2 protein chains.
Amino acid sequence: MRFHSPAIQYFHAVRRTGSIRAAARVLNVASSAVSRQILKLEQEVGSPLFERNARGLTLTTVGEMLARHVMNVLQDLDRFRSDVASLSGAWSGTVSIACIESLTESVLPDLIASHRGRARRVSFTTEVKGSSDVLEALSRGEADIGIAMALRHPPDLRQVALKRFRLGAVVAREHPLARRKTVTLEQCLAFPVINALPELSIYHLLQPLIAQLSETPEPAIQANSIDLMRELAARGVGVAFQTQLGIGRLSRDSQLVFLPLDNAGSPVWSDLGIYVRAERTLPAYTESFLQELVRELGERERRENAAYPPTS
Amino acid sequence: MRFHSPAIQYFHAVRRTGSIRAAARVLNVASSAVSRQILKLEQEVGSPLFERNARGLTLTTVGEMLARHVMNVLQDLDRFRSDVASLSGAWSGTVSIACIESLTESVLPDLIASHRGRARRVSFTTEVKGSSDVLEALSRGEADIGIAMALRHPPDLRQVALKRFRLGAVVAREHPLARRKTVTLEQCLAFPVINALPELSIYHLLQPLIAQLSETPEPAIQANSIDLMRELAARGVGVAFQTQLGIGRLSRDSQLVFLPLDNAGSPVWSDLGIYVRAERTLPAYTESFLQELVRELGERERRENAAYPPTS
DNA sequence: ACATGTTGCTGCCGTTTCGGCAACGGCTAT
DNA sequence: ATAGCCGTTGCCGAAACGGCAGCAACATGT
């Protein structure tokens with residue numbers, strides 16, 4: 001099913017690989033063929049699409065515009081294909097997800113497993129990144145669905161849903177704080193804490209609050225892995241901070257305790273956004289998974305709110 | 001600038017004309033070329049795209065899916081072109097509008113004239129239709145912007161704005177009703193009225209209200225042209241019904257009077273919707289005009305509300 | 001400074017695709 | 001029955017495409 005001129009596909013490959021010869025390798029064609037198609041495109045557009053650096057190609061402004069068009073075309077082609085396929089009964093395709101680490105512990109694996117149980121022919125690609133990288137990958141068309149902290153998102157993305165979860169302290173069961181219902185930041189800072197590095201968005205949530213306190217915090221551990229921080233906390237090394245999403249199962253059958261943070265009487269919210277490219281209709285199988293994702297996160301938000309009512 | 005496979009464009013032309021030979025004439029190519037491209041497409045998709053009736057071709061279900069994809073591609077190509085053009089300063093392109101008749105008297109001509117004064121290279125195509133035909137033309141990609149009565153719109157359209165205007169009676173200055181501030185439907189029906197035919201949406205607005213009244217209305221004139229109805233009213237033939245949008249200028253310097261309808265103490269609203277295709281980013285020049293259109297209609301809605309406050 | 005590897009680009013040439021012409025069978029309306 | 005329009009199909013020249021080998025320009029490593 002190849003109704004689009006090869007120039008489109010070649011351009012797309014060159015943009016992704018950043019090199020004509022590399023694109024040619026991916027496409028299984030001679031590099032000369034790719035080079036010529038790009039030159040032809042540039043002639044028809046009337047303006048160069050790439051800047052030729054000594055080491056590969058970079059998009060020009062016009063090139064970026066064309067890249068957007070090509071992405072729209074190819075993604076809509078995917079959707080068309082899936083529409084035709086679903087007409088003859090069988091769903092098949094790949095859902096590509098970019099998300100932050102908090103989802104990997106239970107939300108995403110649960111959802112994917114349950115979805116695959118019902119739709120065997122749908123496969124998944126997931127990539128864990130930082131929040132801004134998630135949005136960037138989405139913009140570049142490298143993923144279909146993005147889950148990230150709700151920062152300001154670029155205009156070519158659409159925020160499908162926004163769910164807020166309470167940020168909390170995570171400590172081992174034997175920790176002195178573990179008996180409490182909620183904790184304040186000050187109480188936590190009296191103990192060794194496991195801090196997020198600036199590449200994690202938790203850092204940007206907590207840093208302003210910590211800065212307000214005049215205390216000098218205990219000597220702390222810093223890390224950039226939610227997983228690592230959680231495991232450290234479980235071993236009693238200190239107090240970690242994250243949303244309950246990241247410790248769904250572990251908090252039940254093991255030694256972790258989640259304590260919602262209380263900042264001057266009000267909770268500390270961590271806003272999670274679900275994003276897709278704005279100029280695009282998703283294939284049916286992707287749309288279906290997306291809706292399950294939104295439903296599931298909404299459910300967790302609701303459950304959590306019931307467990308830790310904000311007005312406590 | 002033709003980077004898409006000819007099959008795409010041929011398919012598009014065949015869909016619009018409903019015939020391979022007619023498409024070939026439009027495209028200035030031999031009909032055999034068109035036929036072959038369609039056959040090739042069908043082979044690649046793996047399923048027929050058209051039903052060959054004795055008199056031309058009709059889309060199959062798969063064909064309609066491909067049609068949607070092709071429309072998305074071609075329209076996004078337009079947008080890309082306009083983006084590139086606007087980069088070198090000069091806007092140029094064609095804004096295609098489908099709207100109902102009420103707009104033709106002053107709103108649309110005013111807007112187009114003023115817009116052309118600022119952007120000479122932008123040309124316009126406008127087609128006047130009934131409300132449901134407007135939405136249909138929009139769905140089929142035959143127009144960029146649609147203005148129609150706000151009915152239920154199909155999911156592939158997006159309602160950009162919704163403005164409500166008061167339905168009113170339009171009478172000649174010498175008409176007995178002309179001295180009033182507002183009128184009720186009953187008062188109007190005491191005189192000869194000029195009714196809309198069912199093809200106009202005004203009919204569907206008024207008919208339920210008229211049916212509630214037990215009176216037998218005066219022998220009436222029926223017409224399907226807003227313009228004709230207005231001119232008839234100006235000649236004192238009877239009472240016409242429409243929104244004030246249709247008589248903007250005429251009510252000022254001529255013999256027409258607009259009287260907001262009062263139905264059991266509350267106004268009768270006529271909802272005007274502005275629509276675009278949902279899966280699409282508009283070219284810059286179209287987007288610009290669209291925003292002016294929304295602003296202008298909002299302005300008229302505001303002005304009218306000030307002139308005839310709903311609570312009177 | 002030199003060799004080496006990589007980059008994009010360009011003649012040359014065989015292959016594939018495309019489009020125009022003419023003709024065919026099927027169908028409708030007169 | 002006849003004329004007209006429909007979509008399709010051989011045939012053939014023209015245009016586009018892709019592969020191969022070689023080019024100059026540049027970066028890197030010794």
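Here is the naming used below: chain letters follow the sequence lines, and residue numbers restart at 1 for every chain. Because the structure is predicted, anything quoted here is derived from the model rather than measured.
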*Over how many whole Å does the gap from A/Gln37 atom CD to C/dC9 atom P extend?*
13 Å
*Closest to the B/Arg36 side chain: C/dC9, C/dT10, D/dG10?*
D/dG10
_A/Glu279/A/Arg68 ion pair, N-O < 4.0 Å_ = yes
_Listed nucleotide nearest any side-chain atom of A/Leu57, set D/dG18, D/dT9, C/dG8_ = C/dG8
*With no hydrogens and no angle check, is any side-chain donor or acceptor of B/Ser31 less than 3.5 Å from a backbone partner on B/Ala24?*
no
*In whole Å, what is the span from the CZ atom of A/Phe3 to the P atom of C/dC18?*
14 Å
*Compare the minimum distances between each of D/dG19, C/dT7, D/dT8 and the side chain of A/Arg25, then state the nucleotide with the smallest one.*
C/dT7
_Phosphate-side-chain proximity, A/Ser35 and C/dG8, N/O vs OP1/OP2 below 4.0 Å_ = no
*Return the value, rounded to whole Å, for the distance between atom CG of B/Asn53 and atom P of D/dT8.*
12 Å
*asked:* Taking the minimum atom-to-atom distance to the side chain of A/Lys40, which one of D/dG18, D/dC17, C/dT7 wins?
replied: D/dC17
*asked:* Are A/Phe289 and A/Phe124, when compared by the centres of their aromatic rings, separated by less than 6.0 Å?
replied: yes
*Most 5' of A/Arg21 and A/Tyr10 on DNA chain D, judged by nearest nucleotide*: A/Tyr10
_Looking at A/Glu42 and A/Arg52, is any side-chain nitrogen of the basic one under 4.0 Å from a carboxylate oxygen of the acidic one?_
yes
*Five-pair end axes of the helix from C/dA1-D/dT30 to C/dT30-D/dA1 and the angle they enclose, rounded to 10°*: 30°
*What residue among A/Asp78, A/Thr286, A/Asp144, A/Asp156 forms side chain to side chain donor-acceptor pair (under 3.5 Å) with A/Arg280?*
A/Asp144
*Counting side-chain heavy atoms from CB outward, which of D/dT8, D/dG19, C/dC9 is closest to A/Leu39?*
C/dC9
_Tell me the interatomic distance from B/Arg52, atom CZ, to C/dG25, atom C1', rounded to whole angstroms._
16 Å
*What's the shortest heavy-atom distance between B/Ser5 and A/Phe3, and which atoms?*
CB-O, 2.9 Å
*Distance test, side-chain N/O of A/Ser19 to OP1/OP2 of C/dG8, below 4.0 Å*: yes
_Please give me the minimum heavy-atom distance between B/Gly130 and B/Ile100, naming the atom from each residue._
C-CG2, 4.0 Å
*Quickly work out the A/Ile38 CD1 to D/dA16 P distance and round it to whole Å.*
17 Å
_In whole Å, I'd like the distance from the CD atom of A/Glu51 to the P atom of D/dC26._
15 Å
*Donor-acceptor pair under 3.5 Å: do we get one between B/Ser31's side chain and the base of D/dC6?*
no
_If I take atom CZ in residue B/Phe50 and atom P in nucleotide D/dC6, what distance separates them, rounded to the nearest angstrom?_
15 Å
*Round to the nearest Å and state the distance from B/Ile8 atom CD1 to C/dT17 atom P.*
17 Å
